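Notes for the one structure printed next.
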Amino acid sequence: MYDNLWLIPLFPFVGFLINGLLGKKIRNEKIIGAIATLAIFSSFVVSCHYFMQLLDDPQKIHQVVVAKWITAGPLHVNWEFLLDPLSGLMILNVSGLATLITLYSIGYMHGEEGYARFFSYMNLFAFAMLMLVLGGNALVLFVGWEGVGLCSYLLIGYYYEKKSASDAGKKAFVVNRVGDFGFLLGLFTLFWSLGQKGVWTINFVEIAENVHLLENGGLVVTVVTLCFFLGATGKSAQIPLYTWLPDAMEGPTPVSALIHAATMVTAGVYMIARMNGLFAMAPDTMMTIAIVGAATALFAATIGLAQNDIKRVLAYSTVSQLGYMFLAMGVGAFTAGIFHLLTHAFFKACLFLGSGSVIHGMHHAFHHAHLNDDPQDMRNMGGLRKKMPITFITFLCSTLAISGIPFFSGFFSKDEILWWSFASTRGHWILWAVGAFAALLTAFYMFRLVFMTFFGEQKTAAAAKDHIPESPFVITFPLMVLATLATFGGLLGVPHALGKLFGHMPNILEEFLAPVFEHTQHLHEIHAHGSASTEYMFMSISVAIAVVGIGIAWVMYCKNPELPGRFVAAFPKLHRAVFNKWYIDEFYDAMVVNPTKKLGTVLWQIFDARFVDGLVNGVAKVVRGSGRVLRYTQTGYTHNYALSMAVGVVVIIAICVIN
Amino acid sequence: MENLVQTAMQNVNFAAIMPSLVLACFGMALLLIVVFSRRGATLHVAGLSLLALLTTAYVAFTGWNNLQTGFAGHVVLDKFSLFFTFIFLIAAALTILMSDSYLKREGYPVGEYYVLILFCTVGAMVMASGTDMMTIFVGLEVLSLSLYVLAGFFRGQLRSNEAGLKYFLLGAFSTGFLLYGMALIYGVTGTTNLVEINQVLSSGSAISANPMALVGMLLLATGFLFKIAIAPFHMWAPDVYQGAPTPITAFMSAGPKAAAFAALMRIFLVSLGSLQGTWEGALWVLAVLTMVTGNFIALNQRDIKRMLAYSSIAHAGYALVGLVAANEIGISGVLYYMLAYTFMNIGAFAVLVLAGKKGEENLTLDGFAGFGYKRPLLGVLLSICLFSLMGVPPTAGFTGKFYIFAGALDAGYVWLAILGVLNSAVSLYYYLRVMVFMYFKDPQEEFDWIQLKPGVTICVVLSVIAVLYLGILPGGVMSLAKLALF
Amino acid sequence: MSEHLLSLMTFFPILGMFIVLLLPRNAGGLLKSVALVVSLITFVISLPLALDPVFKTSAGMHYTEFAEWISVGKYFTMNYSLGVDGISLWLVMLTTFIMPIAILSTWQAVTKHVKAYMAMMLLLETAMLGAFVSLDLFLFYIFWELMLIPMYFMIGIWGGANRIYAAVKFFIYTAVGSLLMLVAILFIYYQAVNSGMDISGFSVTDFYNLSLDPQLQRWLFLAFAFSFAIKVPMFPVHTWLPDAHTEAPTAGSVILAAVMLKMGTYGYLRFAMPLFPEALRYYLPYLTALAVIGIIYGALVAMMQKDVKKLVAYSSVSHLGFVMLGIFALNTVGVSGAVLQMINHGISTGALFLIVGFIYERRHTRLISEFGGLSTSMPVFAVIFMIVTLSSIGLPGTNGFVGEFMILMGAFQGELRWFAVLATSGVILAAVYMLWMFQRVMFGKLDNPKNRDLKDLSLRELCVMAPLLVFIFWIGVCPNTFLDKMTPAVDHMIEQISGKKPIVVPQVLPATPGQGHAAHIQAVEHGEHHE
Amino acid sequence: MELLQLIFFYVVALVTLVAGIGVISCRNPINSAISLVMTFFCLAVFYVMLHAPFMAAIQVMVYAGAIMVLIIFVMMLLNQGLVAIGKHRHALVGAGIAAALLVVQMVITVTKGQVSEPVGAITAKVVESVGHTQLIGQAMFTDFLLPFEIASILLLVAIVGAVVLAKREV
Amino acid sequence: MITLTHYMVLSALLFTLGTIGVLTRKNAIVVFMCVELMLNAVNLTFIALSSHLGNMDGQIFVFFIMTVAAAEAAVGLALMIAFFRNRESIDVEDFSLLKW
């Protein structure tokens with residue numbers, strides 16, 4: 001029934017091959033774009049097909065083994081896929097968004113050098129991401145996991161001639177590798193610890209079945225899950241490994257939308273959800289996840305406050321929103337996390353694409369006016385709502401969604417997370433408070449962005465001012481689709497409390513995902529003081545927070561545009577710290593990067609060249625040197641030779657006779 | 001009076017000395033021919049000497065399975081002596097092959113040269129087959145005297161004079177020690193016959209503590225160790241090897257060295273076996289000392305002939321390891337090693353003979369720059385010989401060392417074997433350096449003076465073939481060496 | 001035919017060498033073609049080995065050949081004894097496979113003394129093949145040492161500026177180790193003989209059954225281990241490698257990296273470890289520590305290199321550290337991962353050296369700082385370089401990943417878990433140094449005018465790289481082709497070494513491809529969700 | 001009688017040693033040579049005392065008569081003047097130490113060493129009755145025939161060698 | 001009573017004297033004479049031993065030593081003459097062309 005699941009990743013792979021191998025020959029941008037879009041669209045269609053099938057199927061978990069991969073001793077790894085509600089949702093999400101964004105790219109990337117290269121990478125990414133979400137065991141997942149990392153590397157470094165771009169790509173890859181290090185260790189430990197119990201497996205289903213063999217809350221489970229979580233922090237840009245994501249904005253905007261907002265960065269969340277049974281057994285890890293998630297949400301939000309680059313603001317917002325998802329995972333609200341993953345994919349993709357549209361327009365204008373101004377700097381924008389109405393509207397919808405304005409998708413998902421962070425047995429009011437404060441900041445900086453970009457006076461250089469066009473349809477169409485999703489996507493998971501209000505509207509998502517999180521259902525129990533009324537109260541607080549945030553933004557950036565300047569003047573140090581991202585990059589450079597380089601140099605030039613080789617060459621020198629000394633015993637004088645003989649005789653006799 | 005003659009004739013057994021007898025007769029006949037030959041014509045002498053060696057080889061060959069003793073226990077023709085005889089004959093033949101053109105080039109086309117080589121070989125053969133100290137001594141002196149003359153053969157050449165004179169003075173000095181040792185042994189045992197010495201020495205247990213026996217043994221050893229060039233009695237060797245005519249150097253480092261080994265082994269193993277506990281330790285130290293001295297000093301040589309002289313010292317050290325082991329494998333290993341060394345060493349020297357200009361001032365490392373490109377064939381042949389000297393498979397040098405160290409390990413001398421192989425690792429450097437110059441440097445010269453004279457070319461080619469044969473299919477010769485134990 | 005297959009394969013290149021030697025010196029193209037054809041034929045001769053299914057089921061030696069060679073009574077007997085099992089099989093195949101590539105890669109790089117060069121290459125091939133198929137320690141030693149000679153000349157004659165130092169260092173460094181091994185070999189032999197064992201020559205399979213005193217074993221093991229460690233090269237006896245690699249001509253580096261370094265690891269697996277299991281147990285922690293240090297050390301030093309080739313050389317130190325770690329894991333996953341990684345390293349690092357060769361031929365420099373932005377002028381090259389880099393980093397889907405994963409997995413299952421943890425960090429460092437190098441060479445602005453007009457890869461160069469790329473993905477996606485045939489031999493070897501049967505778990509329910517496989521988990525019933 | 005012999009022995013031994021010291025210490029080589037001849041004669045005296053008159057005779061004839069004459073002849077030929085003992089003090093010191101040790105060792109050896117008991121039947125009486133020359137001749141031509149014959153080759157070599165080395169032209 | 005030891009000690013002293021001469025004298029001819037002195041010491045030992053042991057072996061040995069000494073003298077002096085012709089010296093310190 002699900003035999004041909006492999007078709008889903010296959011289509012984009014074929015697209016990758018076609019564009020990658022023949023792209024140079026094809027040359028025609030339209031054909032290239034069409035091939036790429038079609039490839040991923042086909043996989044979207046197939047995904048839809050299987051998703052529908054799954055919906056009707058009473059049995060929700062299906063494994064498909066395509067071929068054997070690695071077989072050695074107790075290790076059996078297959079190329080196998082796992083289709084269950086979770087991966088079903090993810091493939092829809094990934095292939096759908098990828099289709100839209102690829103379509104968008106046709107317009108956005110127009111005229112770029114390496115057009116085919118871009119689309120082949122995009123397809124390769126889709127392939128890898130689909131492998132990731134469909135992977136039936138940890139290793140197939142890891143293929144996708146590293147594959148998306150690679151594509152991320154390639155796409156961030158798309159403008160490879162720019163040093164900052166290739167640096168950013170490398171940084172992304174390396175930081176992800178740090179995460180992978182954790183992932184691998186976790187996998188090894190898991191394999192080994194299950195193996196000790198007689199079950200040698202890395203298959204997700206089998207892991208879920210046998211995870212009870214491990215000691216609940218024991219050291220092993222904690223270590224395993226912490227390792228996996230380290231992997232997740234790398235991929236999903238959480239503290240301490242988030243630093244690569246803002247830099248990743250060096251890539252073209254569609255890349256940021258697809259990879260660094262909607263899909264790849266959520267892989268960590270997905271992975272934790274995928275192994276929820278395991279994580280549920282490690283309360284310490286769960287707590288760590290929750291704390292890290294909340295901290296990241298807040299921390300990234302603070303940095304987002306002071307950025308001027310439109311994409312960077314979105315990047316920090318992404319980090320922050322991912323923090324929410326981890327918070328959800330940490331408190332055991334897996335469904336909520338996945339829900340936020342989906343809604344976030346919608347609105348953040350829309351936001352990025354919208355910003356792309358803006359940048360596209362600005363770039364066009366600056367190009368037209370032969371200016372070298374930065375098309376991404378919000379200080380060069382303003383008042384664009386009239387120039388780019390569609391972009392503005394879609395952007396606004398998404399911003400409302402992210403800010404948590406009721407009935408936009410973000411409201412439902414974020415609110416659910418906040419609720420669970422308080423109400424879950426694993427929750428705590430501090431977590432909620434942090435999350436709520438971060439929500440305030442989110443509303444503030446997102447509307448700061450909107451106000452700076454679309455409202456107020458146009459601050460663009462005069463020469464370029466009038467040349468900002470609305471983007472073509474191929475760009476705006478995906479925006480519209482995404483805005484729609486961002487607006488209404490929340491209805492998938494209406495909380496029960498609200499659902500009741502609206503006449504028993506079911507929480508579709510929760511029911512659908514239930515088989516996946518079956519083993520962790522107990523975590524969803526609400527602890528003592530959680531009740532419907534409390535839930536309403538919390539909801540109202542959320543709304544209030546969002547409104548307050550928007551209000552502050554309006555005051556500071558629309559009503560009194562000089563206010564921010566005053567604020568900066570009042571707290572220069574604080575601003576500088578925030579503006580410079582709390583100097584975390586510098587901190588890492590000083591603590592990790594430079595010492596490593598220094599160590600490498602020392603090992604090479606001092607240890608290797610002087611010590612080890614010195615020892616080797618030293619032995620050679622000593623041998624040769626002693627040879628040179630011995631050589632001078634050979635004086636050429638006969639009586640010296642005779643003396644040597646006589647002494648030899650005397651000594652030998654002495655030794656032998658004494659013995 | 002009648003019965004005296006009868007007694008004398010009863011002792012005579014010509015079969016026991018047939019090879020040396022034949023060769024000596026040839027030598028004397030050649031001497032006459034030389035006297036009546038035109039000055040400067042030596043080719044026929046060389047040819048006849050080769051014939052002499054061949055005939056001797058044939059005679060020796062027929063005696064292989066035919067143990068002969070005679071002359072009142074003064075001589076024995078056993079496989080041991082025959083094996084060595086073949087080594088001497090091969091060494092002499094190869095030397096003669098490379099000599100003719102060399103002598104002409106250097107301006108000394110003198111027929112006596114060949115005669116002396118033949119007599120020297122006779123002396124070596126007597127040493128190898130002598131079973132009485134007196135016979136061995138006289139044989140040694142025949143060999144030595146010929147070599148003194150041959151080393152100083154280029155009488156107009158100061159280098160050669162010096163070599164001859166140094167060799168002579170030091171050789172005579174060492175003879176003094178040798179004789180004193182023999183005298184003491186004679187005093188302890190009352191006889192000069194090796195077998196009888198053994199009987200006396202092994203009968204009384206007190207004798208092994210007798211200082212006179214020990215000192216006699218050590219002084220006796222000194223004389224032979226001098227000839228083999230074992231440190232600290234080696235110091236003549238580099239100078240003499242460098243100064244002597246190149247073919248003689250080649251010969252000296254192969255034939256006479258083997259002869260001294262033969263005599264040393266016979267005396268030590270047959271007569272002084274009961275003192276093994278003492279001489280083992282002494283020779284152990286000397287073997288290491290020799291390897292170290294030879295190899296270390298060779299590292300710093302730029303004159304290839306002199307470098308090979310030091311290397312020859314080191315090789316004597318390796319061979320001595322086999323004697324220290326003093327078991328069947330070690331001893332037959334020495335036999336095998338001497339044969340292998342003869343080929344590889346003479347092969348290397350023969351290339352030097354070819355490559356030298358008159359006066360041989362060019363036989364330095366720098367003089368060999370790019371040699372391998374200008375003279376590819378010779379370069380390859382020399383390289384093979386050098387690889388063999390290094391002990392890299394598949395060459396004779398490797399199997400030889402393998403054999404020797406196998407003996408040492410079988411006897412439990414692990415450290416000796418380790419020191420031995422570490423030394424050969426050191427030796428790699430200077431052999432490789434020759435190849436560095438031959439192949440890794442650009443040619444400075446055209447090497448157009450080199451003429452591939454047939455004799456010396458045959459000598460090189462034969463040596464290399466033998467080196468490879470012994471490297472790849474050593475089984476046969478190894479078995480022979482094994483059979484050749486007494 | 002098949003009973004002499006190994007001999008034919010081993011000595012065919014020598015035959016080719018003689019043909020080459022007989023050709024005129026200035027017949028450049030002909031010489032190269034002959035050498036290429038000979039190496040290709042050798043590859044074809046060896047193909048039946050790779051296709052033979054017998055290795056899937058049997059751990060023993062196959063295609064064995066035996067002839068008495070040297071027999072000197074009880075002194076010593078050496079036999080001409082050849083055979084392959086699942087472990088040596090792939091190394092043999094790697095050798096015959098890499099050789100034509102290496103020869104093809106020199107087509108334009110070598111201009112002087114072509115004849116000698118080709119002769120050396122073919123001689124080298126024989127020596128390497130011989131070492132892999134020898135079952136008699138003496139025979140093995142002969143081939144082992146014989147390898148040094150052609151490599152010495154290749155570095156010394158066709159090498160770079162500092163070639164003499166490198167060549168001599170290479171030769172002496174490796175010879176020191178192997179000479180000590182020679183002593184140990186002889187020692188074992190006489191131990192066996194004197195213990196009255198019935199042995200046939202220096203047969204390694206006979207020696208396996210020899211029970212030696214543990215104290216003695218330690219010494220003997222040290223001799224073997226030292227010799228092989230130099231060849232591998234393990235930290236801290238690795239310093240010959242950067243010099244030799246850097247100075248050697250491209251083909252030399254390729255062969256050195258691809259095949260000759262494997263001699264060391266192979267030696268551990270075939271000789272040092274099964275011969276002295278108790279000593280191994282004693283030294284295992286130290287050796288593992290050295291392997292791990294090698295991984296990290298090699299990576300850190302590689303990171304700071306200014307010369308591309310030296311960087312790749314140090315990366316070999318790191319990669320071979322992985323191989324050693326896998327071998328020391330002493331379980332099926334680790335050891336077969338190590339064997340697989342030997343092949344992988346041969347392919348990936350071989351390819352990297354070829355790549356360095358390509359740019360060196362174009363620019364006559366290997367300094368990273370001289371390059372930058374080559375992606376613009378050489379796009380095809382960039383793609384290939386990228387793939388090879390990724391394979392070297394160990395990206396899933398490429399060969400490097402499978403090997404490294406198995407090694408680390410295996411090492412983690414062993415007793416020395418913490419070392420595996422440390423070693424895993426090598427995965428990060430590998431990405432750092434390789435990508436940094438790649439970035440500096442390929443990315444950035446094309447601001448050095450000398451780089452502007454570089455030609456992209458020629459057809460010949462593509463032909464050189466193509467087979468390697470095929471295998472990079474083949475092993476990455478379907479390593480079972482290789483694992484299937486080595487697993488029995490590996491299991492057998494582990495049993496030999498550790499005395500324990502390795503854990504083998506038959507796969508449960510591997511659903512046939514295409515069949516939707518329902519998991520055991522029953523579909524969860526959709527119950528009413530609680531509030 | 002025995003005492004007289006002993007005194008005689010000591011006197012001759014003293015003369016021998018003094019002459020020996022003369023050999024190594026005379027600055028003029030000719031004087032050294034004369035001292036050496038003196039030693040030879042003294043040794044001949046000892047040979048007589050040891051019942052080996054034939055050896056005494058050839059000692060005088062061969063050594064003093066032939067070899068020394070040859071040496072002195074060559075010395076004259078080469079016309080060497082005074083030659084100092086040695087320039088290098090450290091060499092002298094080394095030689096002195098080595099020689100001192102050597103003499104100690106030798107003396108210990110010969111005094112502590114155990115010489116074999118008489119093994120042969122040739123006592124002084126037999127020598128007197130048969131005659132020393134005959135005994136030598138008998139031994140030489142029965143038991144020691146081979147070395148004797150080889151000695152002829154030795155002399156031949158010496159002659160050829162001397163001729164080859166010393167003649168002026170090829 | 002003159003014992004064997006008397007002769008042996010005397011010959012040991014003579015032998016050592018010869019050795020000292022070889023080690024110290026610079027004139028090659030004198031060096032050679034010192035070697036002769038050593039040989040004579042050996043001769044004395046042999047004859048004393050022979051007389052003590054009652055067999056003729058030692059005396060025959062002396063006979064050969066004398067022969068050898070004569071032969072060596074011939075060859076050695078010839079070598080010296082040849083050297084002298086080239087170098088106008090027979091000082092052993094002038095044999096210094098070959099060294100190191």
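So you know, we letter chains A, B, ... as the sequences are listed, proteins then strands, and number each from 1. These numbers were taken from a predicted model, which means no experiment stands behind them.
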Quiz item: Hey, which of B:Phe251, B:Phe349, B:Tyr310, B:Trp236 is the one that makes ring pair (Phe, Tyr, Trp, His ring centres under 6.0 Å) with B:Tyr241?
Solution: B:Trp236
Check each atom of [X] against the heavy atoms of chain E and say whether the ones under 4.5 Å are side chain, backbone, both or neither.
| X | value |
| --- | --- |
| B:Met133 | both |
| B:Ala151 | neither |
| B:Gln157 | backbone |

Self-check item: Pair listing, ring-ring contact (aromatic ring centres under 6.0 Å, His included) test, anchored in residues 13-39 of chain E, at least two apart
Solution: B:Phe168-E:Phe32, B:Phe177-E:Phe15, B:Tyr180-E:Phe15
Practice problem: Mind running side-chain contact (heavy atoms from CB on, under 4.5 Å) on E:Met38 and E:Val42 for me, showing each step along the way? | Solution: CA-CA 6 Å; E:Met38 289 166 74; E:Val42 174; 5.6 Å; no
Among [options], single out the residue with the greatest number of heavy-atom pairs under 4.5 Å to chain B.
| options | result |
| --- | --- |
| E:Ser50, E:Gly18, E:Ala48, E:Cys34 | E:Ser50 |
| E:Val22, E:Ile81, E:Thr45 | E:Val22 |
| E:Val35, E:Leu4, E:Leu49, E:Asn86 | E:Asn86 |
| E:Leu39, E:Thr19, E:Val92, E:Val68 | E:Val68 |

Top of [options] for chain E proximity - count of heavy-atom pairs under 4.5 angstrom:
| options | answer |
| --- | --- |
| B:Glu162, B:Arg306, B:Lys166, B:Gln301 | B:Glu162 |
| B:Ser160, B:Gly243, B:Gly156, B:Pro238 | B:Gly156 |
| B:Met182, B:Arg159, B:Met134, B:Met235 | B:Met134 |
| B:Ala183, B:Gly190, B:Ala163 | B:Ala183 |

Practice problem: Step by step, work out the ring-ring contact (aromatic ring centres under 6.0 Å, His included) result for B:Phe137 and E:Phe64. | Solution: CA-CA 9 Å; B:Phe137 169 67; E:Phe64 289 118; 8.2 Å; no
Exercise. Applying ring-ring contact (aromatic ring centres under 6.0 Å, His included), run through B:Tyr186 and E:Phe46 and close with a yes or a no.
Key: CA-CA 8 Å; B:Tyr186 170 64; E:Phe46 264 123; 5.7 Å; yes
If we count only N and O atoms by modelled type, under 3.5 Å, do the side chains of [X] and [Y] hold a donor and an acceptor together?
| X | Y | value |
| --- | --- | --- |
| B:Ser144 | B:Lys227 | yes |
| B:Thr246 | B:Glu360 | yes |
| B:Asn198 | B:Ser271 | no |

Side chain from CB out, backbone as N, CA, C, O: work out which of these in [X] comes under 4.5 Å of a heavy atom of chain B, or both, or neither.
| X | value |
| --- | --- |
| E:Ala74 | neither |
| E:Leu53 | side chain |
| E:Thr67 | neither |
| E:Leu97 | both |

Quiz item: Taking E:Ser11 as the fixed residue, which of E:Asn43, E:Leu44, E:Asn40 is the one that meets the side chain to side chain contact (heavy atoms under 4.5 Å, CB included) rule?
Solution: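 Exactly one candidate clears the test, E:Leu44.
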Quiz item: Taking NZ, NE, NH1 and NH2 as the nitrogens, is one of them in B:Asp366 or B:Arg302 under 4.0 Å from a carboxylate oxygen of the other?
Solution: yes
